[in-house]
Amino acid sequence: MHTTRRDFVRLSAALTAMLPLTKVFGKGAGPAPVKPVVISTWNHGVAANVEAWKVLSAGGRALDAVEAGVRVPEADPKVTSVGLGGLPDRDGKVTLDACIMDDRAGCGSVAFLEHIVHPISVARMVMEKTPHVMLVGEGALHFALENGFKKENLLLEESEAAWKEWLKKSEYKPVVNWENHDTIGMVALDQKGNLSGACTTSGMAFKLHGRVGDSPIIGAGLYVDNEVGAATSTGVGEEVIRICGSHLVVELMRQNYSPEEACKEAVTRIVKRQPEKSKEIQVGFLALNKNGEHGAYCLQKGFEYAVTQGNGEKLYLTSKSYY
Ligand code: ASP
């Protein structure tokens with residue numbers, strides 16, 4: 001009897017169905033592990049990646065990795081743009097913004113939060129313990145204290161001195177690539193092939209009291225879609241919010257843009273909308289796709305990012321820039 005290809009496929013399917021699964025895939029074997037990767041903004045990303053990598057290399061969740069990673073600059077008093085030691089607003093208050101997003105579209109965020117060293121962990125708690133996505137100001141502080149976070153003074157001597165110096169002229173003019181604005185944004189892919197991201201900052205130094213930037217806004221400072229990829233941003237948050245930056249980058253990757261091309265298109269959109277202003281400010285995007293490919297693009301030269309991937313290989317890369 002002549003066996004057609006279709007018959008053969010049917011027969012193989014029937015035989016396969018009769019075999020115990022362990023025989024088909026090998027004993028206890030699931031899908032092959034993915035090579036994990038973590039990327040994050042600026043040079044404080046290097047130390048942050050070390051902590052994230054401990055989780056990823058042990059087979060942990062990308063969500064745990066990004067939280068552990070960004071907690072490093074949050075607690076580092078020398079990093080003046082994140083958490084403890086962050087530069088204050090023009091009233092001398094350190095107010096923090098952070099958000100986190102996992103592989104199941106879970107997200108949590110805090111904004112305009114004072115006195116808490118680890119806003120990222122409060123954001124995670126908002127995600128996991130409340131029916132909400134975002135808590136701000138007094139409410140966010142109250143929630144954090146109720147959940148065991150400690151109230152601390154985040155304004156350290158050096159930042160206070162910088163603020164007093166600033167007060168002499170009181171001129172609000174963000175300086176490109178200076179640590180008056182260096183958010184840590186981190187996105188990671190774990191061995192199971194799942195993506196997550198975290199973003200945390202003290203925001204633009206000497207901002208108006210109450211100002212909130214892009215960093216705690218899901219879709220602006222951070223976005224994760226576990227089918228496609230993840231993106232995060234740094235720089236003048238107002239410009240990122242205007243284009244829903246990180247969401248835009250992820251949607252472009254959905255349309256098969258590479259991570260770098262997607263970041264470039266988002267940056268180009270900022271330029272097209274405000275060509276003159278775009279020459280004077282910094283905005284940078286970082287992106288990671290589901291295959292572990294990464295890329296970045298920024299407005300002005302000088303934006304750098306840290307990559308830890310594969311078997312622990314570490315890179316510190318300079319992003320391409322529009323200008
Ligand atoms: N995006 C942050 C903000 O606007 C600051 C930065 O990353 O440079 O608050």
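Read the numbers this way: they start at 1 and go in the same order the structure lists the ligands and their atoms.
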### Task
May I ask whether Lys207 has any heavy atom positioned less than 4.0 angstrom from an atom of ligand 1?
no
Checking Ile39, Thr41, Thr232, Asn49 against Met186 for side chain to side chain contact (heavy atoms under 4.5 Å, CB included), the one that qualifies is Asn49
* Taking Gln309 for the side chain and Val38 for the main chain, is one N or O donor matched with an acceptor at less than 3.5 Å? -> no
(message) Taking the ring of Phe112 and the ring of His209, is the distance between their centroids below 6.0 Å?
(response) yes
One finds that the ligand 1 atoms under 4.0 Å from a non-hydrogen atom of Gly203 are 9 (O)
### Sub-3.5 Å N/O-N/O distance, Gly237 and ligand 1
yes
A student checking ligand 1 against Ser215 at a 4.0 Å heavy-atom cut-off should list atoms 1 (N), 2 (C)
So for ligand 1, is Thr183 a polar contact partner (N or O within less than 3.5 Å, distance only)? yes
Honestly, for Asp182 the part within reach of ligand 1 (heavy atoms, under 4.0 Å) is backbone
Short version for Glu239: what comes under 4.0 Å of ligand 1, heavy atoms counted, is neither
Here the atoms of ligand 1 under 4.0 Å from any heavy atom belonging to Thr234 are 6 (C), 7 (O), 8 (O)
One finds that the ligand 1 atoms under 4.0 Å from a non-hydrogen atom of Asp214 are 1 (N), 2 (C), 3 (C), 4 (O)
Does ligand 1 come near enough to Arg211 that some N or O of the ligand is less than 3.5 Å from an N or O of the residue? yes
- prompt: Does a side chain donor of either Ser215 or Thr201 reach within less than 3.5 Å of an acceptor in the other side chain?
  reply: no
ask   = So, does Lys207 use its side chain to make a donor-acceptor pair with the main chain of Arg90 at under 3.5 Å?
value = no
| task | Please check if any side-chain donor atom of Tyr305 sits under 3.5 Å from a side-chain acceptor atom of Thr318, or the reverse. | result | no
Item to complete: May I ask you to say whether Lys164 pairs ionically with Glu160, meaning some side-chain N is under 4.0 Å from a carboxylate O?
Response: yes
